[in-house]
Amino acid sequence: MTNLSPERQRAMLRRMITIRRFEEIASEKFRSGDIYGVVHSYAGEEAIAVGVCEALRDGDQIISTHRGHGHCIAKGADLNRMMAELYGRADGYCKGKGGSMHIADFSIGMLGANGIVAGGISIITGAGLAAQMDGNGAVAVGFFGDGASNAGPFHESINIAAAWKLPVIYVCENNQWAVNVPALESVATPNVADRAKGYGIPGIIVDGNDVFAVHNAAVDAIARARAGQGPTIIEAKTYRHRRHTERLDQPDARPSEEVNAWLQEDKDPIQRMITTLQMQEDLLPPTVLENLKTVVENELAEAVSFAEKSPFPTKESALQDVFAE
Amino acid sequence: MTNLSPERQRAMLRRMITIRRFEEIASEKFRSGDIYGVVHSYAGEEAIAVGVCEALRDGDQIISTHRGHGHCIAKGADLNRMMAELYGRADGYCKGKGGSMHIADFSIGMLGANGIVAGGISIITGAGLAAQMDGNGAVAVGFFGDGASNAGPFHESINIAAAWKLPVIYVCENNQWAVNVPALESVATPNVADRAKGYGIPGIIVDGNDVFAVHNAAVDAIARARAGQGPTIIEAKTYRHRRHTERLDQPDARPSEEVNAWLQEDKDPIQRMITTLQMQEDLLPPTVLENLKTVVENELAEAVSFAEKSPFPTKESALQDVFAE
Amino acid sequence: MTEMKELSYVDAIIEGIAEEMVVDPKIFHMSTEAPRRLQEEFGFPRVRQTPIAESALTGMAIGAAAGGYRPIVDWRLVTFCFVAMDQIVNQAAKIHYMFGGQTRFPLVFRTTVGGGTRRAAQHSQSPYSMFMQLTGLKLVLPSTPADAKGLIKTAIRDDNPVVFFEAGRLGGVKGPIPNGDVSIPFGKADVKREGKDVTVVALAWMVHEALAAAEELSKQGIEVEVIDPRTLVPLDIETIRSSVFKTGHLVIADEAPAAASVSADIAARIVEDAASFEALKAPISRVTGLDAPIPYSPSLEDYVFPDRSRIIEAIRRIL
Amino acid sequence: MTEMKELSYVDAIIEGIAEEMVVDPKIFHMSTEAPRRLQEEFGFPRVRQTPIAESALTGMAIGAAAGGYRPIVDWRLVTFCFVAMDQIVNQAAKIHYMFGGQTRFPLVFRTTVGGGTRRAAQHSQSPYSMFMQLTGLKLVLPSTPADAKGLIKTAIRDDNPVVFFEAGRLGGVKGPIPNGDVSIPFGKADVKREGKDVTVVALAWMVHEALAAAEELSKQGIEVEVIDPRTLVPLDIETIRSSVFKTGHLVIADEAPAAASVSADIAARIVEDAASFEALKAPISRVTGLDAPIPYSPSLEDYVFPDRSRIIEAIRRIL
Ligand SMILES: Cc1ncc(C[n+]2csc(CCOP(=O)(O)OP(=O)(O)O)c2C)c(N)n1
Ligand SMILES: Cc1ncc(C[n+]2csc(CCOP(=O)(O)OP(=O)(O)O)c2C)c(N)n1
Ligand SMILES: [Mg+2]
Ligand SMILES: [Mg+2]
């Protein structure tokens, strides 16, 4: 299923656990009032961000959605600055100006979360254009949801990328719902990947909760893109573990049997990865797994404490950064 | 090729000739300064509007583009009021407020030309939704260009129409150019109809200069729509005889050999129809054809004279019709 | 006197819609998330959940309106309507005029404006002023449940495209709702509090801040008149002008940024008219959002938005 | 003194772009129709003709800017930019701020505004005022070839998103172009004519109408000062204020509709400031497009747009 080294496999598992625990803490801190506004949890979809980003190299770029924490972590963002941003503090990635829906780290090629559905798709296409003009083989990856695939910018961007053979990989995280609307009612075909036919590009469907399947699909699409053969749509079938946002006053229309089924160990991307690794001898002895979880826990405790200690931004700083000097 | 009665075939020919001559007069009057602003000629594409509209019945609706005169005439608009509108006169369809890019006749189900590429696609989709809710079997037809097929509204609308099985026929007039950009550089696949695959609906390619081929495709798609089976994309391959607009200061990037080839009798939709009719005994004797041309000529002369006699609107009327009372 | 019931601002709007939907079967409602009450009361096909395609929805509403329906499209947060801006600017606002008044387009676009929810720049906007440049749209911005209900009914009955801006911050705020058919005409400002010393024109959430400021200043003997225009198009400048004749002092309070805004417009209209210009005893003062996108952190967001204390400062500055 | 050459307004802009493109290889130009000179001089890939997908182009420019490029996107007529409005409002205008100033987005959006071309409502708009509500964009609106060339160079060199509005009516108007590096700083209004009796702030095409009006009135002994702000963001209100101190009379001339416009904004800013409020000897007068979408027929269009005679009337009214 994969020929990644044991180290890389464990590193991927660690990132997936980091994302899950980050989201759990974010939910908790949202409810305790330390995090404001809105939080969209990526729990349940970790295999996609991690599977794809593991296939990238330095200089490659990604863009995210409103559900952005997982993409940040998978691309290597700093947990302290992420948590501080959620806490609205001066040491956050955006100096407290962005919050959950607007975390970016341009220095690592993470071009940002986005509060507008499909808002990032054309931006990452432009990053792909820049990469093509640079001619250094870099690629750009746009993450977006099944809901976003029905929006105009999806079409305009993928059509241009296909016509211009831009090195962009469009990764649809099909978690089967857009807030309370099922994808099957919104997307005209059963699969978002079917759309690829309309652009003459490959449309690959993968089990989005199988990190290696995702990774393999990403490796192929990225190789294609680096070779100048143009874009690919990867549709990763998945499910979100939690309601649309952490706001409890918003209804969740998903049938509870459906939700429960996806919460089981045989569906959970992290449990599945652990099982897979454990099936290979010596790859993930219990102590290693425990150790890894402890490391993650410590890192996140450190991130929370970093955030807590960081000051709120001075009010005058609200008027800074409107324009670059 | 067709089982339309001779009368209907001749009526279709007459409408095609009317469109051609209307456009020739519009070009001439644009150059003489009687028509202002901008005129986009439909010359060369007559078979599409006429072939499709012949398949419609009362209560069906269409929407047009910036290149709208042909659709108006094919749907049965009044030539006098059309010409008066181009002349900017009070008796024009829009009381002189609209001009060439904004002629509509809601009473006959012609929902308007549109200055925005792809601007009408969602509006006609809404007309289709209304028809579906009315439940009386009416259909809606959206005309648009190859260029428009790259715009976001194309995607959003067709996806919804497909998901909701709306009775809409999307007719792409692929004249192979969008101003000076060749469709082959802009549309990611060789055919706009290929896009239909991405929505799980039929995508039919027809020779857009063969009025019967267009008509047959329309009949099928309309039957499907009336039967509640949802939308169809019809791509009619065609070519515009003239530059993008009648403004001579705008360059025309199309190779002159290409243009010339399309101007030949064996490509011209009207000549082709005449030839086809003349191959059938007694269907179009020379005198009938001459007579038909004379009738058209007289009607258009009357339209010009109607327009010339109509007064310019009073300036105060500029402030009327901003809101419906 | 009949007893009045209480409803929240949002519930009042939904009730207004529901009442109209009962009466007129041509009304239907589309949005990416359907209001639960409407969904339960009317269901599909009159209440539709849609793909995320606000541009298509907006255009579809226009097409359906041409076909005799009275569509309501809820864009949800106003930030989502920008993907539909072409349909708003180039189609909805102009279609009646452009085609010489041939047919009517009875449309309501609902949308939520305003900040204060810690949702950062994209999700905290109040861009109604931008829509004022678009001749051809009626614009509503209520500040109380009763106004909201009364104005949504008028919006639905109007034969033109109406953008109905709902103040997010007021969504849960309760207020009395008169019984019976409570529709409120467009273009009639409401004097929310009478006063003789200074006129404060306030919009949406700022109406309540202005009332709080008035209460405070009243204790110090300053009587503030608070006017809520309620509709931006048509704008009832006459009521504002009359108040300025009385008070000679004008403050305009709006959480949107000042540049090219309704607050600028009101100021300009007052000083363009010779009589109201003469009546002014002091500079006009605007109390608006500061010149920045809306930041996330509470310490920043609270600084960017105006409030009662800034209204009080502004009044003091010009009195 | 070196000899000056003459260029049309449009050619001056293209020359400005071409000069910058020679110097900086990171600049590239995208639009649905490429300017011929740029195409010939630079060709693909630096000058790209694109599918009709203004939203994607706008977003792509943002992504390419993040990657170190300096894209110029020509939306062509401003009416076409509304399909890209989300990328303008929610991405370009806010992206620097929202992400805490992490990186720069040097972008120029070119677009043509204005009427007078008999192209009816959709194709005759001047909606720059709407963009003023969007904190985070710099807005340019030149009225002469020299200003156009100087300001496009500054726009390209600026590290922020700039919307460069080009007045369609002025496209073919010729004027002298100074030699050398003619870049003009943003935020500096230009006094196009000095006068002591009344200040006319005019934009784009209206600058020329105002100058014609000034010429006319000068014969009658009225000396009009004509000020062209040139950039709307930043707006040089100080130069306008100084002029009002001198003349005590202010007329603002803009072909866009009055509501919530830059003309309203200038008026508001003048009367918010105690000193300029005091300096005003008469009401402010705005000369703007009338309240209608732009109609097609010459008899109608000419009525809707203001011109020199309406400027003269307005001046007479307040003097
Ligand atoms: C243009 C736009 N319309 C509506 C919304 C409100 N909204 C936020 S997330 C969301 C659902 C997105 O669904 P999907 O793309 O499948 O992503 P998911 O939340 O499932 O990860 C909606 C409708 C938005 N942010 N932007
Ligand atoms: C949104 C938008 N962008 C650009 C334009 C300018 N424009 C007018 S027609 C046209 C080409 C349209 O091409 P196509 O759809 O193929 O129609 P055709 O003119 O070939 O009939 C363009 C770019 C426009 N009207 N609207
Ligand atoms: Mg989803
Ligand atoms: Mg074409």
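All heavy atoms count here, side chains included; hydrogens, waters and symmetry mates do not. First the proteins, then the strands, lettered A, B, ... as listed; each starts at 1. As the structure is a prediction and not an experimental result, all values here were calculated from the model.
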**Prompt:** Please walk me through it: do A:W164 and B:E185 pass side-chain contact (heavy atoms from CB on, under 4.5 Å)?
**Reply:** CA-CA 8 Å; A:W164 295 4; B:E185 283 179 17; over 6 Å; no
**Request:** State, yes or no, whether a side-chain contact exists between B:N159 and A:H155 at a heavy-atom distance under 4.5 Å.
**Result:** no
**Request:** Would you mind checking which part of A:S149 comes under 4.5 Å of any heavy atom in chain B, side chain (CB onward), backbone (N, CA, C, O), both or neither?
**Result:** backbone
**Request:** Tell me, for B:S186 versus chain A, whether the close heavy atoms (under 4.5 Å) come from the side chain, the backbone, both or neither.
**Result:** backbone
**Prompt:** Side chain of A:E156, backbone of B:A151: donor and acceptor closer than 3.5 Å?
**Reply:** no
**Prompt:** With chain B, which of A:P153, A:G198, A:G203, A:A161 has the greatest number of heavy-atom pairs at distances under 4.5 Å?
**Reply:** A:G198
**Message:** Using every non-hydrogen atom in the two residues, find where A:T189 and B:K197 come nearest and quote the distance to one decimal.
**Reply:** CG2-O, 4.2 Å
**Item:** Nearest non-hydrogen partners of A:A188 and B:A162, listed with the distance
**Value:** CB-CB, 3.5 Å
